[in-house]
Amino acid sequence: MLEKNYTPKDFEEKIYADWENSGDFKPDMRSNKDAFAIVIPPPNVTGILHMGHALDDTLQDILIRYNRMLGKKVLWQPGTDHAGIATQMVVERNLAKEGKTKHDLGREKFIETVWKWKEQSGGTITKQLRRLGASCDWSRERFTMDEGLSRAVRKIFVSLYKDGLIFKAKKLVNWDPKLGTAVSDLEVVQKDTLGKMYYYRYPIEGSDSEYVTIATTRPETMFGDTAVAISKDNEKLKHLIGKNCIIPIINKVIPIIADEHADPEKGTGAVKITPAHDFNDFEVGKRHNLPLVNILNPDATLNENTPYEGMTTQEARAKTIEELTKLGLMDKIEDHPMVIPYGDRSGVVIEPLMTDQWFVDAPTLAKEAMRVVENGEMEFVPKSYEKTYFEWMRNIQPWCISRQLWWGHQMPIWYGPDETIFCEENEEEALAAAEKHYGKKVELRRETDVLDTWFSSGLWAFSTLGWPDKTEYLDTFYPTSVLVTAFDIIFFWVARMMMMSMYKMKQVPFKKCYIHGLIRDEKGQKMSKSKGNTVDPMATIEKYGADALRFFMAAMETQGRDINLSEARIAGYRNFATKLWNAARFGEMNECRLDTSYNPQEAKLAVNKWIIAKAQEASKEVTENLNSFRFSDAANAVYQFVWGSFCDWYIEMIKPILYGENEADKAETRATFAWVLDRILIILHPFMPFITTELWNNTAERSVKLIHAAWPENEPIDEQAMKEIDWAIDLISEIRSLRSEMNIPASAKLTVYLKGAEEKSKQHLSQLDKIICTLARLESIAAYEGEITPDMVQGVFKESTLLLPLKGVVDFKAEKERLKKELDNLNKYLEGYERKLSNPSFVERAPAAVVEEERRRQSEAKENKAKVEAALERIANF
RNA sequence: GGGUGUGUAGCUCAGGUGGUUAGAGCGCUACGUUGACAUCGUAGAGGUCACAAGUUCGAGUCUUGUCAUACCCA
């Protein structure tokens with residue numbers, strides 16, 4: 001017996017445990033159908049589930065469950081990411097609470113501490129994914145720092161290095177002074193800020209009165225200046241080109257050079273060039289062979305090359321301005337809107353800094369990664385994201401992959417005594433290579449830098465399947481079927497996976513890439529901890545059940561749009577689950593048990609044939625929409641069928657049968673009900689796996705679990721079977737509408753006549769008499785050919801006229817109003833048809849079918865108009 | 001500055017290839033405890049599809065422009 005109330009908490013966790021313990025998430029390797037695989041975007045190992053995950057993983061689970069029910073070999077490969085910077089920051093913060101830094105522990109001890117932290121808090125997010133219902137094959141869970149995956153990382157690294165696609169270079173990089181590491185371009189966020197523009201003068205060498213006025217937003221960097229640039233097109237200033245000027249305070253002489261970087265329209269037209277601390281200036285410096293003067297320490301304080309050693313940039317800036325003012329060289333300070341780079345993790349200002357770093361030759365790798373998207377081997381859904389991808393790939397810069405951190409994959413690089421580089425997969429091989437190189441055994445020093453987290457994530461599609469070993473899983477599931485992720489991850493991850501996979505596997509990592517939007521709050525604001533508008537998916541699941549949250553995500557997922565979270569809507573989908581629960585209880589109460597000998601094609605009763613055809617139609621819609629990643633259309637198709645067709649109409653229509661005496665009809669109806677309910681459970685299962693399973697388990701003895709039940713494919717739909725009941729539904733709706741408009745109490749049982757009905761309608765009427773009377777609350781309904789009398793309220797129904805004899809209680813005023821309104825409506829339509837059909841070019845140029853349909857509507861409207869006019873005339877004097 | 005979206009009912013949003021009277025959920029109004037369900041049912045109100053031109057027999061849908069708004073890149 002089903003409980004009276006739907007309480008998801010009672011069964012969701014229990015059902016999940018059963019699936020996992022029974023191995024239901026493991027692929028059926030004996031299946032003779034295609035493979036279908038998804039690799040999960042690995043969440044941070046120490047992270048917690050947020051609404052973005054809830055969306056991303058719900059969509060994946062829907063695809064996984066759907067394909068599993070299609071009988072394919074299905075793998076959803078789970079795992080987590082070590083998230084270098086993020087995780088190290090958390091552990092460092094914990095240490096800080098004890099008043100310690102990572103240096104107090106030393107590298108080895110610190111890494112040990114991180115592993116401990118990972119063990120301690122690492123299971124949270126995977127537990128939460130289980131609570132959401134994610135049917136990942138947990139027995140294959142991977143971690144980016146696993147031995148296997150680390151081996152893949154080393155192998156790829158060595159391969160790229162030996163192919164000349166990884167190189168070390170002293171370059172200007174984005175330096176995060178708080179974290180003490182280089183970061184990639186992607187980890188820098190540019191923020192619009194209102195800053196200041198400072199105008200001051202550099203004296204010209206050998207002149208007492210000549211100056212060049214420069215404008216800068218960062219005066220403190222002037223100690224690193226090695227030139228001043230002026231455009232040769234700058235008529236006012238070009239006479240200065242070739243002279244020297246003097247950096248005040250330190251009285252250093254630098255040249256004035258000609259360079260287009262100095263836009264005559266901007267600032268003063270003269271630009272100070274600081275090649276070691278500005279990306280543009282670095283390029284200028286390269287063009288003119290300018291020396292590089294580094295003025296910053298790794299923590300962004302000024303160094304010994306300046307008079308202000310040890311000061312922060314802010315302090316140095318104030319001091320510089322003070323000194324310049326004292327010297328009388330300061331002209332003016334203006335407000336100036338500018339963009340300042342910040343570290344996306346640390347939140348501090350990023351400094352361009354000259355350092356030795358390691359780079360991946362992304363421009364070379366990008367070529368193949370672009371080619372396979374151009375030729376369709378990998379398709380973005382929606383397709384428009386291709387543009388974003390190409391745009392970025394075309395302008396891609398070498399990828400800085402070294403991080404001066406401790407937590408991560410240490411690079412497989414060793415240095416010999418003379419700094420010769422040995423890149424091998426392990427120390428032994430490096431030693432061997434060194435011995436060969438030097439002709440004797442030498443001591444090597446290992447590179448201390450670790451790799452950018454996204455380097456190992458870039459291998460995820462094949463490293464998790466066992467690469468570099470040749471495995472059955474790699475054979476079967478690579479390339480994977482689809483990657484599901486948010487658009488903000490395209491550059492970080494999708495692009496890197498594409499490059500790495502094409503480089504090593506020579507095949508795309510996934511055939512399709514489904515990109516969804518972000519989850520925002522109710523008002524459309526981005527969710528963030530600092531704003532305090534985040535919603536915890538676990539709390540939502542606690543309150544409404546995982547199924548409601550999942551269905552919300554599916555129903556709201558229309559391609560390429562962000563989703564505003566709506567608690568009212570989630571509650572609505574909980575109500576939907578309740579509705580289904582109660583429908584199942586109705587079946588249980590009326591002994592609608594599954595009959596294994598039942599064949600839906602042999603159903604005789606019109607209602608049963610109708611609901612079967614509707615169920616098949618809904619199944620087809622869900623299938624087609626899932627095949628094209630139209631999640632909301634798929635979800636809405638089930639929703640409409642369950643609530644609109646099954647609950648609102650079918651259950652109401654079969655009541656007279658189930659409460660009646662005809663045992664054969666009853667038996668067929670009960671079996672049909674059970675069959676349709678099963679069908680609902682099947683097509684709804686990918687969206688709401690818990691309630692569907694609970695009902696599946698409680699409505700019959702089963703030989704197959706719902707998670708493995710067969711998905712309906714290629715069913716013929718009996719369109720004809722739908723017509724009779726659709727006719728009755730229209731009729732009932734018309735009568736209900738008339739009753740309501742004429743204020744006839746629901747309790748009043750009426751007699752209704754149908755005048756001018758065709759033979760077919762008369763047949764329907766006699767067959768569905770009982771259903772119509774029950775649902776429209778009638779005493780009786782019958783065909784009628786007598787006169788229409790003024791006490792009959794009348795409505796137009798298809799070819800016939802609907803008559804409600806009210807025996808002296810007709811509210812003639814209301815009736816006149818109602819008929820007039822209807823007449824106005826008809827006239828409006830008629831005008832439209834008239835306009836179209838009297839236009840010769842419409843009749844001539846529109847397809848014949850469209851014209852024909854328009855004519856049909858016109859004549860129908862004309863007939864209806866005549867009926868309404870006659871009705872009005874009949875009661876004109878009342 | 002460059003690019004990409006979005007603008008449809010009070011609110012949140014659907015409307016693959018142009019063709020019935022533009023749909024849904026929530027909210028609102030009226031009625032209703034009918035033997036699954038008030039986490040419900042029945043009926044209803046509510047839209048110049050941002051604006052302006054254009055293409056077309058026909059535009060919410062295609063083109064161009066304007067305005068508003070969001071995001072990405074520099």
S.K.: Pick base, sugar-phosphate or nothing for A:A746, based on heavy-atom distances below 4.0 Å to the nucleic acid.
M.R.: nothing
S.K.: Can the ring centres of A:F673 and A:F646 be said to be less than 6.0 Å apart?
M.R.: yes
S.K.: Suppose you measure atom C1' in B:rU29 against the same atom in B:rA70; what distance do you get, rounded to whole Å?
M.R.: 36 Å
S.K.: OP1 or OP2 of B:rA36 versus the side-chain N and O atoms of A:R585: is any pair under 4.0 Å?
M.R.: no
S.K.: So, do A:F842 and B:rG58 meet the stacking rule of ring centres under 5.5 Å and planes under 30°?
M.R.: no
S.K.: Please determine, for the side chain of A:R574, which listed nucleotide (B:rA43, B:rG41, B:rU39) has the closest atom?
M.R.: B:rU39
S.K.: If you look at every heavy atom in A:V793 and A:R818, which pair is closest and at what distance?
M.R.: CG1-NH2, 3.5 Å
S.K.: Using a 4.0 Å heavy-atom cut-off across all strands, classify A:Y385 as base, sugar-phosphate, or nothing.
M.R.: nothing
S.K.: Indicate the ring-plane relationship of A:F11 and A:W581, choosing parallel, tilted or perpendicular according to the 30° and 60° boundaries.
M.R.: parallel
S.K.: Give a yes/no answer on whether the side chain of A:W643 brings an N or O atom under 4.0 Å of OP1 or OP2 in B:rG41.
M.R.: yes
S.K.: Is a donor-acceptor contact shorter than 3.5 angstrom present between the side chain of A:R569 and the base of B:rU12?
M.R.: yes
S.K.: As a test of reading the structure: which of B:rA36, B:rA43, B:rG16 is closest to the side chain of A:R630, going by heavy atoms?
M.R.: B:rG16
S.K.: Parallel, tilted or perpendicular: which fits the ring planes of A:F552 and A:Y573, with parallel below 30° and perpendicular above 60°?
M.R.: tilted
S.K.: Does OP1 or OP2 of B:rU39 have a side-chain N or O of A:Y544 closer than 4.0 Å?
M.R.: no
S.K.: Can you tell me if the side-chain N/O atoms of A:K523 get under 4.0 Å from OP1 or OP2 in B:rU12?
M.R.: no
S.K.: Could you check which of B:rC57, B:rA74, B:rU21 has an atom nearest any side-chain atom of A:D192?
M.R.: B:rA74
S.K.: Regarding A:P847, tell me which of base, sugar-phosphate or nothing describes its non-hydrogen contacts under 4.0 Å with the strands shown.
M.R.: base
S.K.: What's the closest nucleotide to the A:F491 side chain, out of B:rU20, B:rC72, B:rG16?
M.R.: B:rC72
S.K.: Please report the distance separating the C1' of B:rC28 from the corresponding atom of B:rU48, rounded so that it comes out in whole Å.
M.R.: 23 Å
S.K.: Counting only side-chain nitrogens and oxygens, does A:S737 get under 4.0 Å of the OP1 or OP2 atom of B:rG44?
M.R.: yes
S.K.: When all nucleic acid strands are considered with a 4.0 Å heavy-atom cut-off, which category describes A:K655: base, sugar-phosphate, or nothing?
M.R.: base
S.K.: At 4.0 Å (heavy atoms only), tell me whether A:D562 reaches a base, stays on the sugar-phosphate, or touches nothing.
M.R.: nothing
S.K.: Once you apply a heavy-atom cut-off of 4.0 Å, does A:S740 come out as touching a base, just sugar-phosphate, or nothing?
M.R.: sugar-phosphate
S.K.: What does A:S566 touch in the nucleic acid at a heavy-atom separation under 4.0 angstrom: a base, only the sugar-phosphate, or nothing?
M.R.: nothing
S.K.: Please give the nucleotide sitting opposite B:rU63 as a Watson-Crick or G-U wobble pair, both distances under 3.5 Å, or none.
M.R.: B:rA53
S.K.: Compare side-chain N and O positions of A:N575 against OP1 and OP2 of B:rC40 and report whether any pair is under 4.0 Å apart.
M.R.: yes
S.K.: So if I take every side-chain heavy atom of A:Y639 and compare against B:rC73, B:rG25, B:rA36, which nucleotide ends up nearest?
M.R.: B:rG25
S.K.: Counting the atoms with a prime plus P, OP1 and OP2 as sugar-phosphate, which does A:E652 contact under 4.0 Å by heavy atoms, base, sugar-phosphate, or nothing?
M.R.: base
S.K.: Closest approach to the side chain of A:V339, judged atom by atom: which nucleotide of B:rC40, B:rA74, B:rA14 is it?
M.R.: B:rA74
S.K.: Roughly how far apart, to the nearest Å, are B:rA59 and B:rU21 at atom P?
M.R.: 13 Å
S.K.: Could you state the atom-to-atom distance from CZ of A:F576 to P of B:rC26 in whole Å?
M.R.: 13 Å
S.K.: Could you measure between the two C1' atoms, the one in B:rG7 and the one in B:rU61, and give it in whole Å?
M.R.: 15 Å
S.K.: When you get a sec, tell me which of B:rA70, B:rG15, B:rA14 is the closest nucleotide to the side chain of A:R520?
M.R.: B:rA70
S.K.: Name the nucleic acid region contacted by A:R561, choosing base, sugar-phosphate or nothing; use a 4.0 angstrom heavy-atom cut-off, strictly under.
M.R.: sugar-phosphate
S.K.: Could a donor-acceptor pair under 3.5 angstrom be found where the side chain of A:E741 meets the base of B:rA30?
M.R.: no
S.K.: For A:Y659, answer base if it contacts any base atom (sugar-phosphate contacts may also be present), sugar-phosphate if it contacts only those atoms, and nothing otherwise; contact means non-hydrogen atoms under 4.0 Å.
M.R.: base
S.K.: A:K387 side chain N/O closer than 4.0 Å to the phosphate oxygens (OP1, OP2) of B:rU4?
M.R.: yes
